[in-house]
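This chain uses plain numbering: 1 for the first residue, then up along the sequence.
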Amino acid sequence: MKNKELILTVICLLTGMAASIWVVNLNFLADSDVANSPTVWHEITQHGWSVMRNWRPTIDNWYFSAYPIHFLLFELTGGTSPEILRWLSIAQLFLCAVLAAMICYERSNNSLSFLLVPFFCGLSHYAQVSGYVAHPFSHNLTNLYGLLCVYLYLVNLRHRSLLIDVVLYLLVIAASVSDPWLLAAFYLPLLLVNFYEIFGLKIRPFKGLVAPVLTGIVLFTHSVERIFHLPVAHFSLGSPQQMIDNARWLLYGLGGMLNLFVAERDSLFMISAAIVLVLYLSSINKPSRINNVDFLILMSVFGISFAFILSSTPGAYVSARFFVNIVYLIISVIFLHAVSHRKIMLVPLLILMISGYASNFIQTPLRDSPSTSSDIIAFMQAHNLDYGYGPYWGTDALATGWRSDWHQIIRPVTFDTSTGFINFTGRPQTFDNWYQFGADKAWKRQFVAIYNDGEQCRDITICLAGVKKQFGQPDETLRFRDTTFYIYNKSLIGELSAINLQNRVH
């Protein structure tokens, strides 16, 4: 780089970092999903690594993508402060932007590519709150690994290094096992581009298939998941109507994250999506055969799009989180085409950037939302409550323990929809040992928090009656907003164990 180019690059990087800090500070919430790694690390420090046998991860388990980095920082700092997670969120948003810029730079050797850093660090308010682009446990963390893999692929087009190939596909395995989203978004496109280079463009030897094919064998036989006893993702087709609905949600989510109009309206989201997709398709290299890099990016766009549209998983406002790879990759293609061929296309990109920053400035930030965990901690402290059970989201259960340094503990439970009884069998993101006999014996005063959070206790009367029938009349009843706290001066798990033992005797 020349001096002027270097100065521009440094300015772009500093601007992007400042934007990342600003945007994350607006929207960072230390909720129960963010409390994932602090909770796991706390249990490890209390019981040793063997406690991981009791952990119930979600399908996106984060074992090899988030946990190693988080645990290292927790060990080095001697704590699990929310500030660590905040800075990890900032780093995630910033590094995704840097990698997108480096992909462009690798393709063009044009330092203007680093203008993409402040662009991506200021993605729209909708991208922050529904696309979860800075959430430390989101598909954009996995997208960071995917963008790194694309960058390594581009570098290896020049070097043809076996070592780079090995590193690339080890990253693919680690990220895919941690979050199967990467399979459709990046692994299958990488596999297909190898076939395309061998049989279509005839620029890669057949032995180039060894690494991606071996990777596929590891991933689709679920070898790593079997070793670590991890849940396996299963794909099922949706109905034709579901597919139509999901296609609409795809456009909605993409348009929300790349919104040209600042205002968050359904029609403006759809118009924005249409404009951006037209710009992308007009930017693809169009000789007699599409080049390999454009082919890889196109397959990534198609891969996640069709996986979502065909899936039986219904679309929703937050489905935007599935399309983060599309945002980074197609904008990179449009930008590269604009600076190389049609500078007029920089105008909609500039509008997108201004709109993104403006929406973050105008829209209500997440930090202004009421903090469930902070308020519940204060309520529990005021009423001498240290231990109990409640719905995962309704009580912000994991965050309550984490943010109180585990002085106020709420174990997440589910409630039977027909009886209202508590199921002490755990749910994802819990430890089985939390619900074993004797786990709660240290606390003589316990509670059940009952609240309709949309997931649990949708019929609140069934839960209220069910808990009384399961444990008897509470010794005390308290109210916190819309949440009912039944207080018992006994071990609730011990109560059930005694009843079960008595039933066996009789």
Side-chain angles (χ1 to χ4, degrees), residues 30-32 35 39 42 46 370-427 429-503:
D31 64 15
S32 284
T39 300
H42 175 73
Q46 295 293 305
S371 174
T372 302
S373 58
S374 295
D375 293 343
I376 284 186
I377 289 168
F379 172 83
M380 290 175 64
Q381 290 173 341
H383 293 89
N384 191 30
L385 298 173
D386 297 325
Y387 193 93
Y389 304 90
Y392 180 89
W393 286 116
T395 60
D396 213 0
L398 296 190
T400 297
W402 172 38
R403 299 186 69 183
S404 68
D405 199 23
W406 287 278
H407 290 117
Q408 274 69 48
I409 296 173
I410 301 179
R411 299 306 191 197
V413 290
T414 59
F415 294 78
D416 188 280
T417 55
S418 59
T419 66
F421 285 12
I422 288 180
N423 299 312
F424 285 105
T425 53
R427 50 148 285 162
Q429 301 193 135
T430 61
F431 283 89
D432 287 342
N433 52 289
W434 288 350
Y435 310 100
Q436 293 171 355
F437 176 68
D440 63 354
K441 65 181 181 181
W443 294 272
K444 305 304 180 185
R445 178 175 162 84
Q446 301 182 14
F447 65 84
V448 177
I450 304 167
Y451 173 69
N452 176 6
D453 64 357
E455 182 180 276
Q456 299 297 321
C457 293
R458 293 183 181 180
D459 188 336
I460 194 72
T461 57
I462 293 177
C463 289
L464 291 170
V467 171
K468 284 183 178 179
K469 186 175 181 180
Q470 189 175 19
F471 300 110
Q473 284 290 3
D475 296 295
E476 187 180 351
T477 300
L478 298 173
R479 294 278 296 178
F480 170 73
R481 296 177 183 162
D482 294 329
T483 305
T484 300
F485 280 73
Y486 283 167
I487 318 298
Y488 292 92
N489 296 322
K490 60 185 176 183
S491 163
L492 298 183
I493 290 180
E495 172 81 4
L496 288 185
S497 299
I499 292 172
N500 292 336
L501 180 60
Q502 191 174 35
N503 289 340

Does a donor on one side chain and an acceptor on the other come within less than 3.5 Å for Glu455 and Tyr392?
no

Check ring pair (Phe, Tyr, Trp, His ring centres under 6.0 Å) between Tyr451 and all other residues, then give those that pass, not counting sequence neighbours.
none

Taking every heavy atom of Asp386 against every heavy atom of Gln408, the minimum-distance pair comes out as OD1-NE2, 3.1 Å

Closest non-hydrogen atom pair between Asn384 and Arg445, with its separation:
O-NE, 3.1 Å

How about Thr414 and Arg427: does a side-chain donor come under 3.5 Å of a side-chain acceptor?
no

Taking Asp396 for the side chain and Ala399 for the main chain, is one N or O donor matched with an acceptor at less than 3.5 Å?
no

Could you please spell out the steps behind the side-chain contact (heavy atoms from CB on, under 4.5 Å) verdict for Thr484 and Arg479?
CA-CA 5 Å; Thr484 300; Arg479 294 278 296 178; 2.6 Å; yes

Stepwise side-chain contact (heavy atoms from CB on, under 4.5 Å) check, Thr395 with Phe480:
CA-CA 11 Å; Thr395 60; Phe480 170 73; over 6 Å; no

So do the side chains of His383 and Ile487 get within less than 4.5 Å of each other, counting heavy atoms only?
no

What is the ring orientation for Tyr389 with Tyr435, classed by angle as parallel under 30°, tilted 30 to 60°, or perpendicular over 60°?
tilted

List for me each residue that meets ring pair (Phe, Tyr, Trp, His ring centres under 6.0 Å) alongside His407, sequence neighbours excluded, and say none if there are none.
none

Heavy-atom closest contact (Ser491 atom, Asp440 atom, distance):
OG-OD1, 2.6 Å

Kindly write out the residues that satisfy side chain to side chain contact (heavy atoms under 4.5 Å, CB included) with Cys457, not counting sequence neighbours, or none if the list is empty.
Phe415, Ile450, Ile460, Cys463

Are any non-hydrogen side-chain atoms of Trp434 and Val413 less than 4.5 angstrom apart?
no

Would you give the length of the straight line joining atom NZ of Lys490 to atom CD of Gln446, rounded to the nearest 0.5 angstrom?
10.0 Å

Quick one: closest heavy-atom pair of Trp402 and Ala35, and the distance?
CE3-CB, 3.5 Å

How are the rings of Phe485 and Phe379 set to each other: parallel, tilted or perpendicular (split at 30° and 60°)?
tilted

Compare all side-chain heavy atoms of Ser373 with those of Thr400 and state whether any distance is below 4.5 angstrom.
yes

Steps toward side-chain contact (heavy atoms from CB on, under 4.5 Å) verdict (Arg411, Thr430)
CA-CA 8 Å; Arg411 299 306 191 197; Thr430 61; over 6 Å; no

Given side-chain contact (heavy atoms from CB on, under 4.5 Å), test Gln470 with Val448 step by step and report yes or no.
CA-CA 11 Å; Gln470 189 175 19; Val448 177; over 6 Å; no

Salt bridge present between Arg481 and Asp375 (N-O < 4.0 angstrom)
yes

So how far is it from Asp432 CG to Thr425 OG1, rounded to the nearest 0.5 Å?
9.0 Å

Shortest non-hydrogen contact between Gly394 and Thr372, atoms and distance:
O-CG2, 3.9 Å

